[in-house]
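To keep things clear, I will list the structure first and then write my remarks on it.
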2 protein chains.
Amino acid sequence: MESILQIAPKMIQPVPEPSVRRMPSYLSTLHSLSKESVTYVSAPTIARLLNLDPTQVVKDMAYTGVSGKPRVGYLVEELIIAIEDFLGYNRKHEAFLVGAGFLGSALIQYQGFREAGMRIVAAFDIDKKKVGTEISGVPVFDLEKFRDLAGRLHISIGIITTPSGSAQSIADLMVGWGIKAIWNFAPVSIKAPKHIIVQDTHIYSNLAVIMNKLGQIRNEK
Amino acid sequence: MESILQIAPKMIQPVPEPSVRRMPSYLSTLHSLSKESVTYVSAPTIARLLNLDPTQVVKDMAYTGVSGKPRVGYLVEELIIAIEDFLGYNRKHEAFLVGAGFLGSALIQYQGFREAGMRIVAAFDIDKKKVGTEISGVPVFDLEKFRDLAGRLHISIGIITTPSGSAQSIADLMVGWGIKAIWNFAPVSIKAPKHIIVQDTHIYSNLAVIMNKLGQIRNEK
DNA sequence: CAGTGTGAAGTTGTTCACAGCA
DNA sequence: TGCTGTGAACAACTTCACACTG
């Protein structure tokens, strides 16, 4: 069924990653507008709400496939559907989380991932005190016991919230499980075969920017 | 005292933000090497460990002010000190956190911020059940009661971990407190006078990238 | 005219190419 | 030869300029 005429039902244009990263902000803004019963919104308005450049918003909207009316803007509901579709929030993905510490627990308890299409179905830890408990209804299993078993389920996302020392070995394990994407919160860079999607989320990077800028203030005067 | 001859004691070259964001990764790598008693490390080695381009590492190292020996590399300990100094990890900054929910608690309990120069000294919430409690030794106060009082202390960083609806008003409040930097975890963009350092940390942006790429895999075949 | 849409210009960051060095 | 260091080429993103539209 590999037809040559895959003339892209939606365009196979590579969307710049920064645009993808902005999509959730648009979505959240649009949801508020929708709640206020606003039906049309213009790019300059969105830009003002999010501190962005109007043209940038126009281009980002184009990536979602919707087109707007001159002088009026875009249909709010249409944009919401288009962005959710663009991000794949409708497809449901299940996730395993390894490392049920503070951050791991926070992520599990975090509402909102579910409506973004990701459901954390199980957590793993090596700490016997945590094993057997539940966090917001998500069971915590013994990592050692489920090392191999976990691979039989078909889970697409692996979340790593372990200390940095174990992060890479957990990643390797996840690759063995047949996971498609790894979301890593440990402050190291995860290496994986290139067909695996790896997203490192380094909270320290953000702090570094703050600390560095705070330092500059002192130097200025 | 605005002398024209501010010939920069260290160079007032504007360091690219991506470079600043990479610094914590370097630091963490260097700490591991230091623990393994490695004294010299080359840029290509660091690059390999962190999946980066060697030249990029060389340029980043230059921003810290250290210079390396050809054929040998850089002195690990020297780099650690230089990066910590560059990021201002030695200067101590105190932080207030507003919104003692799951994420807020996780951040408070997160060790490591302290050695990055940031100490969360108090949390605030409107939930009476949380008020009066302590999270890892950090007291949770009633936001309403401390609205004005908080300004009298001299805190440089404000962390927002409230729901998105209240984020902007908390930011405004923090500006009134005389805070210099705002680290926002709510999924909205915070607006503040431009002398205030604002760092939005949108966890959803990372998820969006993953979801979008997962969607592309399905489309490919 | 206040918006959309888009090609061109500008800016920023990354990668390449190579000189210098031990 | 394997590294540092740097200027130049390149790529990616953003911003500008302007034609088009209701």
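For clarity, every value in this text was computed on a predicted model and none was experimentally measured.
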What's the CD-C1' distance between Gln56(B) and dG13(C), to the nearest Å?
8 Å

Winner on side-chain proximity to Thr55(B), out of dT14(C), dC13(D), dT6(D), is dT6(D)

Contact summary for Gly215(A) and Arg91(B), nearest pair of heavy atoms
CA-NH2, 3.3 Å

What integer distance in Å separates Asp53(B):CG from dA11(D):C1'?
13 Å

Roughly, in whole Å, what's the span from CG in Asp60(B) to C1' in dT15(C)?
13 Å

Please determine if a side-chain N or O atom of Arg22(A) lies less than 4.0 Å away from the OP1 or OP2 oxygen of dC13(D).
no

Tell me, with the steps shown, if Trp177(A) and Phe124(A) meet ring pair (Phe, Tyr, Trp, His ring centres under 6.0 Å).
CA-CA 14 Å; Trp177(A) 287 351; Phe124(A) 299 88; 5.6 Å; yes

Nearest heavy-atom approach of Leu87(B) to Met211(A) is O-CB, 3.0 Å

Arg21(A) CZ to dA12(D) C1': how many Å, rounded?
15 Å

Option passing side-chain contact (heavy atoms from CB on, under 4.5 Å) with Val41(A) (candidates Thr29(A), Leu33(A), Leu49(A), Val72(A))
Leu33(A)

Look at Tyr74(B) and dG5(D) and indicate whether a side-chain polar atom (N or O) is within less than 4.0 Å of OP1 or OP2.
yes

Which is more 5' along DNA chain C, the nucleotide nearest Pro16(B) or the one nearest Arg71(A)? Just name the residue.
Arg71(A)

Side chain Lys59(B) and base dG13(C) donor-acceptor under 3.5 Å
no

So if I take residues 26-49 of chain A and measure heavy-atom distances to DNA chain C, which residues fall below 4.0 Å?
Ser42(A), Ala43(A), Pro44(A)

So which heavy atom on Ile196(B) is nearest to which on Ala192(B), and how close?
CB-CB, 4.1 Å

Please find the pair of heavy atoms, one from Ala123(A) and one from Val138(A), that lie closest to each other, and give the distance.
N-CG1, 3.9 Å

Hey, does Ser19(B) reach any base, or is it just sugar-phosphate, or nothing, if we go heavy atoms under 4.0 Å?
nothing

Taking every heavy atom of Leu30(A) against every heavy atom of Val76(A), the minimum-distance pair comes out as O-CG1, 3.6 Å

Starting at OH of Tyr63(B) and ending at C1' of dT14(C), how long is that distance when rounded to a whole Å?
10 Å

Please classify the nucleic acid contact of Val72(A) as base, sugar-phosphate, or nothing, using heavy-atom distances under 4.0 Å.
nothing

Rounded to the Å, how far apart are Met61(A) CE and dG3(C) C1'?
15 Å

Which whole-number value in Å describes the distance from Glu17(A) CD to dT14(D) P?
11 Å

